[in-house]
There are 2 protein chains.
Amino acid sequence: MVEKNTEEKIIVAAEKVFIEKGLAGARMQEIADEAGINKSLLHYYYRSKEKLFTMVFKIAFKTFAPDLIKAFEGDDDFFVKIERFVFAYLSIIDKNPHIPVFIISELGNNPKRLVDIIGYLDLNVQPVYDAIEEEIKKKMIKEIEPSDLIINVIALCVFPVVAKPIIKNIVFKGSEEEYKKMLDRRKVEAARFVISAIKNTD
Amino acid sequence: MVEKNTEEKIIVAAEKVFIEKGLAGARMQEIADEAGINKSLLHYYYRSKEKLFTMVFKIAFKTFAPDLIKAFEGDDDFFVKIERFVFAYLSIIDKNPHIPVFIISELGNNPKRLVDIIGYLDLNVQPVYDAIEEEIKKKMIKEIEPSDLIINVIALCVFPVVAKPIIKNIVFKGSEEEYKKMLDRRKVEAARFVISAIKNTD
DNA sequence: AAATGGTTTAACCAAATGGTTAAAGTAGTT
DNA sequence: AACTACTTTAACCATTTGGTTAAACCATTT
């Protein structure tokens, strides 16, 4: 048991409830219960549901904005960079498997929310674009739109987790074990798949 | 204006509202308004919100369960099958871009819902597995777990749509046009990417 | 003309919900 | 001892929400 102050306890509880039920489905009482406090105190710290939600959402989003830029700087081989990124990103997802669905759901209900957040994080994808274009110029990889490549890499990481119920039940006939094995395999195989797709064979 | 009976009008209206707001966020009054009827009549046809939602969800899910089996039967070249599937599936998504997020969201909130549905649709993925394994045996494609390949193909189709707000705002800096161009490109490029990844070069 | 099934109106209800208020208690600080 | 910040209790409130009921209306069919 780690001692936590009330503010933190509330955030942790709110995260849990919001991620599980969404903004509309979550109840302030449930968040208070989960935090082991009462509703009055909850409102004492965070004036409204909307404000509390916004905090939680921002935290969740920050956790998941992949640090693409960081992964792609440095002198390492481009393919090694991809391998490292996929492994790192899938490891984060492993630890927080419900966050991607949460973000996608709430952004689906209210895409405007993102506009506020973008300001806080400075996400400049240009360096990654440049790195990809350089590899193309050097004929190390095939011609591809940089944005397409980025989207593909992230898709191969995120989709298996957001579609878990479907994949687990239809592809793996309900086996949690088979599903987990697939996710684990993917930490290496997703990068292999991508590299194999773009590597130049001239 | 096509004349519709009330039952249909309700389903159409319910689809719209549920997809937009989710189960918890949708209001029966709003559905009634959208259908141009009153709440009494709404309950006259569909006794409860939950029942109406279940109907809508099943319809949405059916629309989106990709007909993998159909796409992979026949004598055509395996790579042509992939190309055809990707094109067809992305075209369906084009026409109903909000359904994937809807399914993922609601399944995230209540994964049990899927178990009911699976009975209705007979989804046997075995033939697709077999087809993939045969290609591997014939050394036409590289070694890959069939389930991984299936997941990858669908990920490359679905993810760009479910993550639209993020992709549009971060990758394409808010440009709807650039985003749409990417989706269109993908109808051909996603298959190219996959084929390039798995084609054997021995 | 009577019966039928769909439709409207409008009032109604119980429960839930986000949020408030006020008064009292507690622990540490000055 | 007084002050401060945090915490609890518990009552309270306005609004919303899913759902019901009953009476009347209307068009078609019998």
Side-chain angles (χ1 to χ4, degrees), chain A residues 1-60 102 105-110 112-113 116, chain B residues 1-60 102 105-110 112-113 116:
Chain A
M1 287 286 180
V2 186
E3 283 290 323
K4 273 180 203 146
N5 64 27
T6 308
E7 245 169 306
E8 277 168 354
K9 279 198 300 193
I10 292 174
I11 290 290
V12 171
E15 250 183 320
K16 192 183 167 192
V17 177
F18 278 135
I19 286 172
E20 210 174 290
K21 313 266 173 98
L23 169 58
R27 300 294 158 228
M28 292 300 267
Q29 187 61 60
E30 200 183 339
I31 293 171
D33 291 347
E34 182 71 36
I37 59 164
N38 53 22
K39 215 173 47 162
S40 300
L41 196 58
L42 180 58
H43 279 97
Y44 174 82
Y45 278 98
Y46 300 92
R47 283 210 206 123
S48 73
K49 192 189 189 185
E50 183 65 34
K51 272 178 187 144
L52 181 54
F53 180 84
T54 303
M55 291 219 75
V56 169
F57 188 81
K58 277 181 185 166
I59 293 169
F102 172 66
S105 299
E106 296 301 332
L107 239 34
N109 292 342
N110 185 1
K112 287 174 204 159
R113 223 179 275 284
D116 296 346
Chain B
M1 289 283 181
V2 187
E3 283 290 322
K4 274 181 202 144
N5 64 26
T6 309
E7 246 169 306
E8 278 168 355
K9 279 197 299 192
I10 291 174
I11 290 290
V12 172
E15 250 184 318
K16 191 182 167 193
V17 177
F18 278 134
I19 286 173
E20 209 173 289
K21 312 264 172 99
L23 169 58
R27 301 294 159 229
M28 292 300 267
Q29 186 60 60
E30 200 183 339
I31 294 171
D33 291 348
E34 182 71 37
I37 58 163
N38 53 22
K39 216 174 44 161
S40 300
L41 196 58
L42 181 57
H43 279 97
Y44 175 80
Y45 278 99
Y46 301 92
R47 285 212 202 119
S48 73
K49 192 189 187 183
E50 183 65 33
K51 273 180 187 144
L52 181 54
F53 180 82
T54 304
M55 291 218 75
V56 168
F57 187 80
K58 278 182 186 166
I59 292 169
F102 172 66
S105 298
E106 297 301 332
L107 240 33
N109 291 343
N110 185 1
K112 286 173 205 159
R113 222 178 276 283
D116 296 346

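Naming convention: chains lettered A, B, ... in sequence-line order (proteins, then strands); numbering from 1 in each chain.
Pairing partner, C/dT26: D/dA5, with both Watson-Crick or wobble hydrogen-bond distances short of 3.5 Å.
Between A/His43 and B/Ile37, the residue whose closest nucleotide on DNA chain C is further toward the 5' end is B/Ile37.
Going from atom CD of B/Glu7 over to atom C1' of C/dT7 covers 14 Å, rounded to whole Å. To the nearest angstrom, C1' of D/dT16 lies 12 Å from NZ of A/Lys49. For the pair A/Lys39 NZ and D/dC6 P, the computed distance is 22 Å after rounding to whole Å. Taking atom NZ on B/Lys51 and atom C1' on D/dG19, their separation rounds to 12 Å, with Å as the unit. Rounded to a whole Å, the CG atom of B/Asn38 is 13 Å from the C1' atom of D/dG19. For the pair A/Lys9 NZ and D/dC6 P, the interatomic distance rounds to 14 Å; values are reported in whole Å. D/dG18 atom P lies 8 Å from atom CD1 of B/Ile31, rounded to whole Å. Taking atom CG on A/Leu52 and atom P on C/dG18, their separation rounds to 11 Å, with Å as the unit.
Within the 3.5 Å criterion, the main-chain N or O of A/Tyr45 finds no donor-acceptor partner in the side chain of A/Glu7. Of the possible donor and acceptor atoms, none in the side chain of A/Lys58 sits under 3.5 Å from a partner among the backbone N and O of A/Asp116. Within the 3.5 Å criterion, the main-chain N or O of A/Ala35 finds no donor-acceptor partner in the side chain of A/Lys16.
Within the 4.0 angstrom heavy-atom criterion, only backbone atoms of the sugar-phosphate kind lie near A/Ala26; the bases stay farther away. Backbone-only contact: B/Tyr45 has heavy atoms under 4.0 Å from sugar-phosphate atoms and none from a base. If you check every strand for non-hydrogen atoms under 4.0 Å, A/Ser48 touches sugar and phosphate atoms only.
Between D/dT7, C/dG18, D/dT17, one nucleotide has an atom nearer to the side chain of A/Leu41 than all others, and that is D/dT7. Comparing D/dC6, C/dT8, D/dG19 by their closest approach to the side chain of A/Tyr44 singles out D/dC6. Closest approach to the A/Arg27 side chain among C/dG18, C/dT8, D/dG18 is made by C/dG18 (side chain taken as heavy atoms from C-beta onward).
With hydrogens and angles ignored, a donor-acceptor pair under 3.5 angstrom links the side chain of A/Ser40 to the base of C/dT21.
Side chains of B/Glu106 and B/Asn110: no donor on one and acceptor on the other come within 3.5 Å.
Within the 4.5 Å cutoff, no side-chain heavy atoms of B/Lys21 are placed close to those of B/Arg27.
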